[in-house]
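Each remark here refers to the structure printed beneath this line.
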Amino acid sequence: MSNKIKIFVQRVKVLIQNLEAEVLASCRVGADVYLLRLQAPTIAEIARPGQFVHVRCSETLDPLLRRPLSIHDIGDGGGLVFLYQVRGRGTAWLARQQAGSRIDILGPLGRGFTLTTNKRIALVAGGLGIVPLLFIARQALENGNQVDFFYGARDRERLYQRETLQAMGVNLLLATDDGSAGFRGPVTKLWEQYLKERRYERAYACGPREELAEFAHLAARYDIPAEVSLEERMACGLGACRGCVTTLRDTTGNRYYENVCTGGPVFDAAAVEWEG
Amino acid sequence: MSNKIKIFVQRVKVLIQNLEAEVLASCRVGADVYLLRLQAPTIAEIARPGQFVHVRCSETLDPLLRRPLSIHDIGDGGGLVFLYQVRGRGTAWLARQQAGSRIDILGPLGRGFTLTTNKRIALVAGGLGIVPLLFIARQALENGNQVDFFYGARDRERLYQRETLQAMGVNLLLATDDGSAGFRGPVTKLWEQYLKERRYERAYACGPREELAEFAHLAARYDIPAEVSLEERMACGLGACRGCVTTLRDTTGNRYYENVCTGGPVFDAAAVEWEG
Amino acid sequence: MEQAGNRPAVNLKGQAGGVPFNPHHQETAPGVNLAVEIAGLRLANPVLPASGTFGFGAEYAPFVELNRLGAIVVKTITLHPTPGNPPPRLTETYSGLLNSIGLQNPGLEVFIREKLPYLRQFTPPLIVNIAGRTIGEYAELAARLSEAAGVDALEVNISCPNVREGGIVFGTVPAMAARVTAAVKGNTPLPVIVKLTPNVTDITVVARAVVEAGADALSLINTLQGMAIDIDTRRPALASVVGGLSGPAVKPVALYNVWRVARTVKVPLIGMGGIMTARDAIEFLLAGATAVAVGTASLVNPGALMAIIAGLEDYLLDQGLADIRDLIGALEI
Amino acid sequence: MEQAGNRPAVNLKGQAGGVPFNPHHQETAPGVNLAVEIAGLRLANPVLPASGTFGFGAEYAPFVELNRLGAIVVKTITLHPTPGNPPPRLTETYSGLLNSIGLQNPGLEVFIREKLPYLRQFTPPLIVNIAGRTIGEYAELAARLSEAAGVDALEVNISCPNVREGGIVFGTVPAMAARVTAAVKGNTPLPVIVKLTPNVTDITVVARAVVEAGADALSLINTLQGMAIDIDTRRPALASVVGGLSGPAVKPVALYNVWRVARTVKVPLIGMGGIMTARDAIEFLLAGATAVAVGTASLVNPGALMAIIAGLEDYLLDQGLADIRDLIGALEI
Ligand SMILES: Cc1cc2nc3c(=O)[nH]c(=O)nc-3n(C[C@H](O)[C@H](O)[C@H](O)COP(=O)(O)OP(=O)(O)OC[C@H]3O[C@@H](n4cnc5c(N)ncnc54)[C@H](O)[C@@H]3O)c2cc1C
Ligand SMILES: Cc1cc2nc3c(=O)[nH]c(=O)nc-3n(C[C@H](O)[C@H](O)[C@H](O)COP(=O)(O)OP(=O)(O)OC[C@H]3O[C@@H](n4cnc5c(N)ncnc54)[C@H](O)[C@@H]3O)c2cc1C
Ligand SMILES: Cc1cc2nc3c(=O)[nH]c(=O)nc-3n(C[C@H](O)[C@H](O)[C@H](O)COP(=O)(O)O)c2cc1C
Ligand SMILES: Cc1cc2nc3c(=O)[nH]c(=O)nc-3n(C[C@H](O)[C@H](O)[C@H](O)COP(=O)(O)O)c2cc1C
Ligand code: FES
Ligand code: FES
């Protein structure tokens, strides 16, 4: 027992790192959305799609806690790319940091997506849900998968990173609430149209909770193994404080709490208790 | 009564300002000492030697309170010059601000030195006590006074702004604890030597409290009207919270508390209770 | 309201930092009601200065249009002049302020003679905060201030943690708190607001006791007992060793107390403790406060009161709400 | 220690931010004694993790060399598995953290079977924190843990503010606190540390009661009761409405309580509440704590415990002190 854990500890030691990473570039890509590139080769080389980094967004004690940000992409030469929206004081601080500043990060953290090879897969992103899905799209293409990337947002201005996705070679299928690009309506509705014709061997989603619930519902109906990336407020990010739980259901239907930081942020869509 | 106060309020309205001033330059002039120049013409034009500015040293709520800094000099075109030592988290934040940043300042605050014209006066600065005395030296010279500027520090490296003082035309008399420049010993001892020969019509001092006590003692012995600039921790800087008091003695010897922010920071050396 | 705009910088509006002084404040937007009522007093808006952080008003005149406040609340007045505690009286803590002013004030006589004439010229209700060392002193303060023209309500400080024989005892023992309240009520026709301390096991017990004794409204919280040490000198950071903690650090504790008391008593509450922004103020209203007081925020940002009033207005407009009273106690659980 | 150096930046050492992980920690500098004794346990240094913020040790192994800690303190264990409160369980406040975990833990059985074997391999004393819903549960936990090899002391959580029928009642009523203490003492040969809540009018009364009932040491403070509201949804920020406030915001309150209790009882104290740096830790030692615990700081900066131990060492060397015990209670008033 204690031996097994020792090995686990060894493994973790190598993986999770706390370091000050230099800002390589930070640029605004939308009204309140920023693309941030940090120099963090030791994290970049081991990070997997779906994992996140816990970012200190202050030089003092206010704001106090780190902010979790999913890894959006891996750049050349050890760059770690993030895409985030300014929501409050933490992300506003981050947006003020310019190239050359150093940012205290902890990662990579959490359980990533389950990868496949040579399959047809569907990625369903709502709004900023694009963040982890771009990373898995890149990896999935490298692994020989065929990727249908369903991407919905309020309007065409909020469809960030379209060029990057297109250049990557995914089959990009857009949806907007106002019809200013692609399908008019929810991205899950668009996906449903494809589901009737195409057989996906796996599906992955990230976005607003109601959209994920609908995604999970569709995946179950069409019997597709599906994973979602969830959000919850976090403190440690390491599984120690039990502050970040979400409600899951086991196979017998019993509800229980699982850490999003270590049990997730990626969960089997069928295991999530969407009601609670 | 209420009329009189109204006029006072009017006057204050014009004087004290809360604004965001742009950093024109910030440079290190010693191990942990910085010279900071802010663009604040509306404050610069009315500031008097001995007054201070209350500086927000954070973009968030930690550190929380403003930090008082005496006005060191008035530069060209509305520049307000400060000289400060990094002591803790507030001044460390300030030291990180670079040209182009904006800093939230409140001022000018407090009662300045009593100015004279065409007199022989002595200024006695210990360490960072140089800060407000450089400003009064400039003004005193313009007013036709003869200025003996006694300036003491631990060693020659800590005698900041010597060139500026020299260029100004004061009679600069140095003292260092280690003898690395000028007289070896406390600056008050050096002053004492001059006191025996020269008659000063006014004296002004700023520096460590023990040195100020000795200065007050000497001024009293030689019967010279003397003023000192004191420090105390502050919150509002406006006379409202009563947090920044120092102990004074009235003419009958009764001790009482007076705000440093509005009753000072400059006080008649003879009124200060040096024991308490 | 906290979104960053075009420039990668925080929007300081309603934040503690850097609101530039704008002496020309527009009136409340038409169609939006900010007015509330506390113990028979009509307040044009629910934003008040907290006692002891606003001096006697004049100190803030360069930054606060006194006529725009919901009410004016002055520093605690005692029967006789109080010299206060020796310095140092202040120290900063993480997002907090620790103070031991010791109720320094010029005493009742000087207040009536020298401060009241100035304060009388403003239209908002004037609330005078009082503290006594004995029940008799409270009673006398109440009687004499009731005769002085221009005083609209009394706030009874039974909770100041700095004066040994005074506040601390009255505020933490329900029966004592009730006796002070009754003595004040018996000696004044003015509305009586009792200010509670959070340094008790169960604040609702004290709240109930003073309401039964006649309090027309309650204000809470006063400061939390705290301490800091200067490790370089190995001495307490404050000359009086112990002080009162205020500012953003205490906000969650203050909000908790307001919420609990609001569910216990029927009288209106003035909530305070760590309010820095309009958003903070709204939390207190939702928790059940009818008005809020702002203390430490003004010490940091002299225009805080104005920014918070403006922020409340903006919030109502943003949310399409016509009346701020719809927010009071509107927390959904 | 807080001087900025050559580069215009804060020296992060011992600060909450950005201490890079250094797994190769040197041993205590020769000639400097950091060791202290608590209730018969020898601690190589006075720095402990605070219960509930350090999981069961393994979670922090990438950043904390467990063998370098003064002791290991685990999350509260209950007799039966406790699912904890519904999410959201956390919210950030100004320089503070509000939580309502609700004592989620796998229960005594699983702890002994799955957590203890891992924890046993480390040399520092292992302190197991326990909470029961009844006095009988406390007694049973004490008895069963005393039989489990590897447990060196019990910390009795009588103060958790989240479980209604449990902690809150015991910790705020001196007689109840004493009964819990006596029950635990009567069922274990291990040293018993009782953990006090600050949510009382006078903490020294509770402290005295539990010491008379046999507590070998006290730890304080647990979290302060607090609350936060999301004004956009008008709902409490925490699903359980009320939570416990910890972190730098509460430091002055914690220090005040430690200082008061240190002057009241003779048993050693473990001080905690808002300790972020070695300087903070030294304040607690000067106030009379024999050891300190670090909670929220680790959540922010996983290397905080290591940085604080190193910082204490540096402080002793800087000050030319040979023994950390010379700092304990050395506040000059
Ligand atoms: C695993 C994970 C990955 C994430 N990845 C991204 C990402 O790639 N890009 C991105 O823009 N955002 C991401 N988020 C959300 C991001 O962490 C929050 O927007 C951020 O913490 C807000 O911080 P703030 O200080 O700006 O706002 P605050 O002032 O703290 O809060 C503003 C609002 O955001 C909510 N909020 C705060 N923290 C969180 C949180 N942890 N999760 C959800 N909502 C929160 C608050 O309740 C509040 O309504 C992720 C969250 C998680 C848990
Ligand atoms: C009227 C006035 C004018 C001043 N002018 C200057 C100046 O021109 N240049 C300069 O370098 N310093 C000046 N000071 C001192 C300066 O305000 C403090 O050094 C500064 O506030 C420390 O802030 P901090 O956050 O860096 O340190 P903190 O972390 O707050 O404290 C570090 C140390 O400084 C002490 N300290 C904190 N605030 C004050 C204060 N207000 N007065 C004295 N000591 C304090 C603390 O007790 C502590 O020991 C002045 C002070 C006053 C009252
Ligand atoms: C410097 C200072 C002085 C205070 N003086 C008094 C006082 O004289 N009477 C009183 O009832 N409260 C006094 N208080 C308490 C405040 O009125 C208020 O209850 C407390 O500070 C919490 O609000 P805040 O966090 O907004 O400051 C004082 C607070 C501070 C910070
Ligand atoms: C997330 C979290 C969980 C906690 N869980 C427990 C617990 O299970 N048992 C306990 O006695 N104290 C618990 N505490 C209280 C801490 O042990 C400590 O007393 C308190 O947080 C103050 O210290 P700090 O400010 O350094 O965090 C918890 C605190 C936090 C923040
Ligand atoms: S954030 Fe602490 S357990 Fe997940
Ligand atoms: S700092 Fe408030 S009165 Fe001087």
Side-chain angles (χ1 to χ4, degrees), chain A residues 1-6 8-21 54 56-67 88-90 101-106 230 232-247 254-262 273 276, chain D residues 9-10 12 15-21 23 49 52-63 66 75 83-97 99-105 113-114 117-121 237 247-249 274 276 295-303:
Chain A
M1 170 83 222
S2 72
N3 214 2
K4 194 174 134 211
I5 291 171
K6 254 190 190 157
F8 168 75
V9 171
Q10 271 318 109
R11 196 173 62 91
V12 170
K13 266 201 183 171
V14 181
L15 294 178
I16 307 179
Q17 300 154 53
N18 181 16
L19 43 85
E20 291 200 336
H54 218 17
R56 200 80 172 96
C57 292
S58 169
E59 282 138 345
T60 64
L61 297 175
D62 174 57
L64 180 65
L65 299 178
R66 291 172 183 271
R67 303 303 198 242
R89 303 180 333 138
S101 322
R102 301 186 143 267
I103 295 182
D104 174 358
I105 61 175
L106 174 67
L230 298 185
E232 195 53 62
R233 292 187 213 137
M234 292 185 179
C236 68
L238 299 169
C241 74
R242 298 244 161 236
C244 64
V245 298
T246 195
T247 313
N254 287 325
R255 292 162 57 139
Y256 66 102
Y257 298 128
E258 177 62 280
N259 293 344
V260 170
C261 69
T262 48
E273 172 59 63
Chain D
V10 228
L12 285 173
Q15 293 272 32
V19 180
F21 174 45
T53 63
F54 199 66
F56 296 100
E59 295 89 337
Y60 275 90
F63 302 101
L66 277 80
K75 171 83 188 159
N85 290 330
R89 292 178 173 183
L90 293 178
T91 194
E92 187 185 73
T93 67
Y94 296 124
S95 289
L97 168 62
N99 88 78
S100 65
I101 310 298
L103 297 185
Q104 176 171 353
N105 80 88
R113 203 173 57 233
E114 293 180 14
Y118 171 73
L119 290 162
R120 257 201 296 264
Q121 21 166 20
M276 302 305 284
T296 305
S298 291
L299 306 180
V300 173
N301 166 22

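Note that this is a predicted model, so its numbers are computed, not measured. The analysis underlying the following values was restricted to heavy atoms, covering all of them including side chains, and did not include hydrogens, waters or symmetry mates. Order of the sequence lines sets the chain letters (A, B, ...), proteins ahead of strands, with each chain counted from 1.
- Of the inter-residue distances, the one linking A:Arg242 atom CZ with D:Glu59 atom CD reads 8.0 Å to the nearest 0.5 angstrom.
- Note: A:Arg233 CZ to D:Leu97 CG = 11.0 Å, rounded to the nearest 0.5 Å.
- Atom CG of D:Asn301 and atom CZ of A:Arg66 lie 6.5 Å apart (nearest 0.5 Å).
- Within the 4.5 Å cutoff, side-chain heavy atoms of D:Pro302 are placed close to those of A:Leu238.
- Taking all atoms of both residues into account, the shortest heavy-atom contact from D:Leu90 to A:Met234 is CD1-C, 3.5 Å.
- Looking at D:Pro86 and A:Arg255, their side chains never come closer than 4.5 Å, going by heavy atoms from C-beta outward.
- With a 4.5 Å cut-off on non-hydrogen atoms, D:Phe56 does not touch chain A at all.
- D:Glu92 and A:Leu65 get closest at one heavy-atom pair: OE2-N, 2.6 Å.
- Using a 4.5 Å cut-off on side-chain heavy atoms (C-beta onward), D:Thr296 and A:Leu64 make contact.
- Of all the heavy atoms in A:Gly243 and D:Ile101, the pair that sits closest is CA-CD1, 3.5 Å.
- To the nearest 0.5 Å, atoms OG (D:Ser95) and CG (A:Leu61) are separated by 5.5 Å.
- Neither the backbone nor the side chain of A:Ile103 comes within contact range of chain D; no heavy atom of the residue lies under 4.5 Å from a heavy atom of that chain.
- Here the straight-line distance linking atom OG1 of A:Thr60 with atom CE of D:Met276 works out to 10.0 Å at 0.5 Å rounding.
- Considering all non-hydrogen atoms of both residues, A:Tyr257 and D:Pro87 come closest at CE2-CD, 3.6 Å.
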